[in-house]
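Bear in mind that the values here come from a model prediction, so they are computed numbers and not experimental data.
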Amino acid sequence: IVAAGLIIGVLMVFRLRAAELTTGTPKMLRFLSARWQERLKQFLQSFAAGLEVVDNWRDFFFSVATTVLLWICNTSVFWLVLRGMGGDVGRLSWFASALILVFSILGMLAPLPGVGGGFQVLAIYVMTDFFAVSPESATAASIMLWLVLAVPCVLLGLILLVYEGLSFKKLEAMSEKSQTAATEKV
C-alpha cells in the first residue's frame, strides 16, 4: 500500500509538473548521447500526454478505482480458471492467483521465441517455485490462462476488423506505408 501511494504521488507530481520535466535534459542525464537524450525526451513527453487525461483529483481517483476493479476482475478470472482445473492448481488462493497474474503480465513484456511466451514462462515459474505446483499442472494452467485471456481479444479484434471494413491486405499496405514514411524521416 505504501509503494502504491508512493507511485501515485510520483505520477501526480509528474502530471502537475510535466511541462518542466519534459523540456530540456536534466543535468544528471547529460552523460547520455544526444540520441538517447532525445529518446528519453520523447518518452517523457508521450508519458505526460497520456497523463493529461487526468484533469482533476476526482478524475484521478475514478481512474484509480476503475484500475483496481479491473485488477480484481482479472485476478478473479485467473482464480476461477485455476479452481476449475482442480488438482495442484485448484488449491491456490485468490492472492496466489493475483501473484501469478502480476508475473504473467510482466512476462508479456518480453516475448521468448522458441520457448513460448513470457506469459507462460513466468506463470509456470511462479506456480512451480512459489507454490510447489507440479510442472505439468503449471504448464497446463499457464496455457489455459493464456487462452482464456487471448482468444476473446483475438475474436473481438477480428470482428472489429471486419466491421471497420479492413482486411489483412489493407493492414499490410498501411504498415508498409508507415514503414516507408519512417525510413524517409531517418
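Following chains of ILVMFWY side-chain contacts shorter than 4.5 Å, one cannot reach Phe95 starting from Leu69, and the two form parts of different hydrophobic clusters. Neither Phe62 nor Leu11 shares a network with the other; the hydrophobic side chains, linked directly or stepwise wherever heavy atoms of I, L, V, M, F, W or Y lie under 4.5 Å apart, form separate groups for each. Val10 and Phe47 fall into different hydrophobic clusters, where Ile, Leu, Val, Met, Phe, Trp and Tyr residues are linked whenever their side-chain heavy atoms come under 4.5 Å apart, directly or through other members.
Among all heavy-atom pairs drawn from Ser76 and Trp94, the shortest one is OG-NE1, 3.1 Å.
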Result block: side-chain N/O donor-acceptor pairs under 3.5 angstrom for residues 127-146, not counting sequence neighbours:
from   : atom 1 : to     : atom 2 : distance (Å)
Thr128 : OG1    : Ile124 : O      : 2.8
Thr128 : OG1    : Tyr125 : O      : 3.3
Ser134 : OG     : Asp88  : OD2    : 3.1
Ser134 : OG     : Ser137 : N      : 3.3
Ser134 : OG     : Ser137 : OG     : 3.0
Thr139 : OG1    : Pro135 : O      : 2.7
Ser142 : OG     : Ala138 : O      : 3.4
Ser142 : OG     : Thr139 : O      : 2.9

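Considering Leu149, Leu147, Val148 as possible partners of Val151, the one that fulfils the side chain to side chain contact (heavy atoms under 4.5 Å, CB included) test is Leu147.
The line from CZ of Phe78 to OG of Ser97 is 8.5 Å long, rounded to the nearest 0.5 Å. Within the model, atoms CE of Met108 and CD of Gln120 stand 9.5 Å from one another, a figure rounded to the nearest 0.5 Å.
In this structure, the side chain of Lys170 engages the main chain of Gly165 through a donor-acceptor pair within 3.5 Å.
Hydrophobic cluster membership for Val162: none, as no Ile, Leu, Val, Met, Phe, Trp or Tyr side chain comes under 4.5 Å of it. Tyr163 shares a hydrophobic cluster with no other residue; no ILVMFWY side chain has heavy atoms under 4.5 Å from its own. Think of Leu70 as one node in a network of Ile, Leu, Val, Met, Phe, Trp and Tyr side chains linked at under 4.5 Å; it has no links at all. Grouped by direct or indirect side-chain proximity (heavy atoms under 4.5 Å, Ile/Leu/Val/Met/Phe/Trp/Tyr only), Val154 sits with Leu158, Leu161, Leu166, Phe168, Leu171, Met174.
In this structure, Ile72 and Thr75 have side chains that are not in contact, with every pair of non-hydrogen atoms separated by 4.5 Å or more. Considering only heavy atoms from C-beta on, Leu122 stays 4.5 Å or farther from Ser104 through its side chain.
For the side chain to side chain contact (heavy atoms under 4.5 Å, CB included) test, residues two or more places apart in sequence or in another chain that qualify with Thr67 are Ser63, Trp71.
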